[in-house]
There are 2 protein chains.
Amino acid sequence: MNILLIEDELRVADFIRRGLKAEGWVVEHAGDGETGLDIIRDRKFDVIILDLMLPGISGQQVCQKLRARLNKTPVMMLTALDSTDERVSGLRLGADDYLPKPFDFDELIARVSALHRRATGYASNGDEGKLQHQGLVYDSAAMVLTVDGVVVELSAKERELIAILMASKNKALSRERILNSVWGTHEDPMTNVVDVYIGRLRKKLGPYGQLIATVRGAGYRFG
Amino acid sequence: MNILLIEDELRVADFIRRGLKAEGWVVEHAGDGETGLDIIRDRKFDVIILDLMLPGISGQQVCQKLRARLNKTPVMMLTALDSTDERVSGLRLGADDYLPKPFDFDELIARVSALHRRATGYASNGDEGKLQHQGLVYDSAAMVLTVDGVVVELSAKERELIAILMASKNKALSRERILNSVWGTHEDPMTNVVDVYIGRLRKKLGPYGQLIATVRGAGYRFG
DNA sequence: ATTGGCTATGAATATCCTGTTGATCGAAGA
DNA sequence: TCTTCGATCAACAGGATATTCATAGCCAAT
């Protein structure tokens, strides 16, 4: 998942960024609204976390301009102000969710994933965010992978990788595509991280490892 | 699949080109509209990706001229402009689809394949993107060929070859045409790679191998 | 601060497979 | 029959993938 964080206070920004990275997410940081808008012009993010109090143009204005550009990226607003007025006006300007500071980090993460899930139109039936294939179950809400009922510990990147693989069952995915989704890098295709991680996953999946097939000259396929 | 990308910004062009290549597609790049039109005059593409903002003649004009030449190649328009007006006028000028920047790469790929599928008359029923003929099924999303229900391993070039053959069922394809589509080379016809690969494919298709008929002096025909 | 454990990443290696060529053999048409 | 075009084969070089290792960074606990 790719996240853009627009926050001027460096300490706070750093704190948030680290927490999100620990989730295996890729975080880009902008110190003010203009910079943020510039970045959004070229690249697409899954979620934008936007501080309300910014030097220069305010968070509200950023949000407004974003929507004026017909950009529908989910926006999570952060603010130190506790008044409900702010909240209401924020939502009216196109924010999708709102979190008052100080906040619980787990809550931020939960809400951000919720935003993302909503935006990507996950199945909203009973199997909320569960991906299954044979004895393999990945619960994206709990972020737990189960192999034949046994929980397998995964690192953040490994989780993201298995998630995207299982989500696109029976579809060949190019390395580039995986790199984009999991690592968020749009350049430097001369790395073999993907291969390394595929290897690790295969090992951890045990007998199901062979479900990840390599499509020579193309990438990998799950299923 | 052969794609012509008309985009002036080198960074963007490079980014797009890499991603498309990773999908196994052959990409030709033109830095401006005139160059693009020149290239189209000589060669045939499956899809044209066209930036709206170009130095010299605009993307809209390119599209218009293209259609004036009775060229029906599907056109995918890209633009940084936010207003919907642009979209409408773009489509009116003959573009087949439209994607506002910034876009999600997966979406670009999905849309481009959709365009291609529509143009080549792939099965538009539930078997989205599957080519079938008797016991032979090629799933272009999974990149898997099935012979009577049995998966057959193919190399990258073999996959492309069977795809183009099956997509142009009952049509004779010249070696040059195949060379152009699969190998992306439009010169040097004094190689027999095509013959070699046809041979390999025939072998792998087993009983269906004879579906690939050779049209003496012309090329090959599937069906 | 320092330490230890863990993750992420890049590099190096080894292995396997594909792509390509040129030669030779066979088949079809004049 | 002769000629031309296509089929097939073997072999090589380069490319792609798997796997392992070493390093760097991060976090938590001391």
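Just so it is clear, the values below take in all heavy atoms, side chains as well, and ignore hydrogens, waters and symmetry mates.
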ask   = Looking across every strand, which nucleic acid part, if any, lies under 4.0 Å from R200(B) by heavy atom: base, sugar-phosphate, or nothing?
value = base

query = Rounded to whole angstrom units, what separation is found between the CZ atom of R216(B) and the P atom of dT4(D)?
reply = 12 Å

inquiry  = Between R175(B) and G219(B) (side chain of the first, backbone of the second, donor and acceptor by atom type, cut-off under 3.5 Å), is there such a pair?
reply    = no

inquiry  = For dG10(C) and T191(A) - does any side-chain N or O of the residue sit under 4.0 Å from the phosphate oxygens OP1/OP2?
reply    = yes

key: Short side-chain N/O contact to dC5(D) OP1/OP2 from T214(B), under 4.0 Å   = no

inquiry  = Considering every strand and a 4.0 Å limit on heavy-atom distances, what is the contact class for A156(A): base, sugar-phosphate, or nothing?
reply    = sugar-phosphate

query = Is a side-chain N or O of T35(A) found less than 3.5 angstrom from the main chain of G31(A), in a donor-acceptor match?
reply = no

ask   = For the side chain of D195(B) and the base of dT21(C), is some donor closer than 3.5 Å to an acceptor across the two?
value = no

inquiry  = Could you tell me how far apart Y197(B) (OH) and dA7(D) (C1') are, to the nearest whole angstrom?
reply    = 16 Å

ask   = For the pair made of CG in L179(A) and P in dG10(C), what is the distance, rounded to whole Å?
value = 9 Å

ask   = Once you round it to whole Å, what is the distance between P of dC6(C) and CZ of R159(A)?
value = 16 Å

ask   = K157(B) side chain N/O closer than 4.0 Å to the phosphate oxygens (OP1, OP2) of dC17(C)?
value = no

Phosphate OP1/OP2 of dT9(C): any W183(A) side-chain N/O under 4.0 Å = yes

request  = Quickly work out the I198(A) CD1 to dT20(D) P distance and round it to whole Å.
outcome  = 16 Å

query = Once you round it to whole Å, what is the distance between C1' of dC17(C) and NZ of K204(B)?
reply = 10 Å

inquiry  = With a 4.0 Å cutoff (strictly under), does any side-chain N or O of R175(A) reach OP1 or OP2 of dT17(D)?
reply    = yes

request  = Look at Y220(B) and dA7(D) and indicate whether a side-chain polar atom (N or O) is within less than 4.0 Å of OP1 or OP2.
outcome  = yes

message = Is the distance from the ring center of W25(B) to that of F45(B) below 6.0 Å?
response = no

query = Hey, is E28(B) close enough to R43(B) for a salt bridge, meaning N to O under 4.0 Å?
reply = yes

task = In whole angstrom, give the distance that lies between atom NZ of K21(A) and atom C1' of dG25(D).
result = 10 Å

remark   = L154(A) atom CG is separated from dC6(C) atom C1', nearest whole Å, by 15 Å

note = Quick note, S155(A) side chain, CB onward, closest among dA8(C), dT20(C), dT19(D) is dA8(C)

task = For ring pair (Phe, Tyr, Trp, His ring centres under 6.0 Å), just list the numbers for Y208(B) and H133(B), CA-CA rounded to whole Å, side-chain angles, deciding distance to a tenth of an Å, and then say yes or no.
result = CA-CA 10 Å; Y208(B) 296 107; H133(B) 186 75; 8.3 Å; no

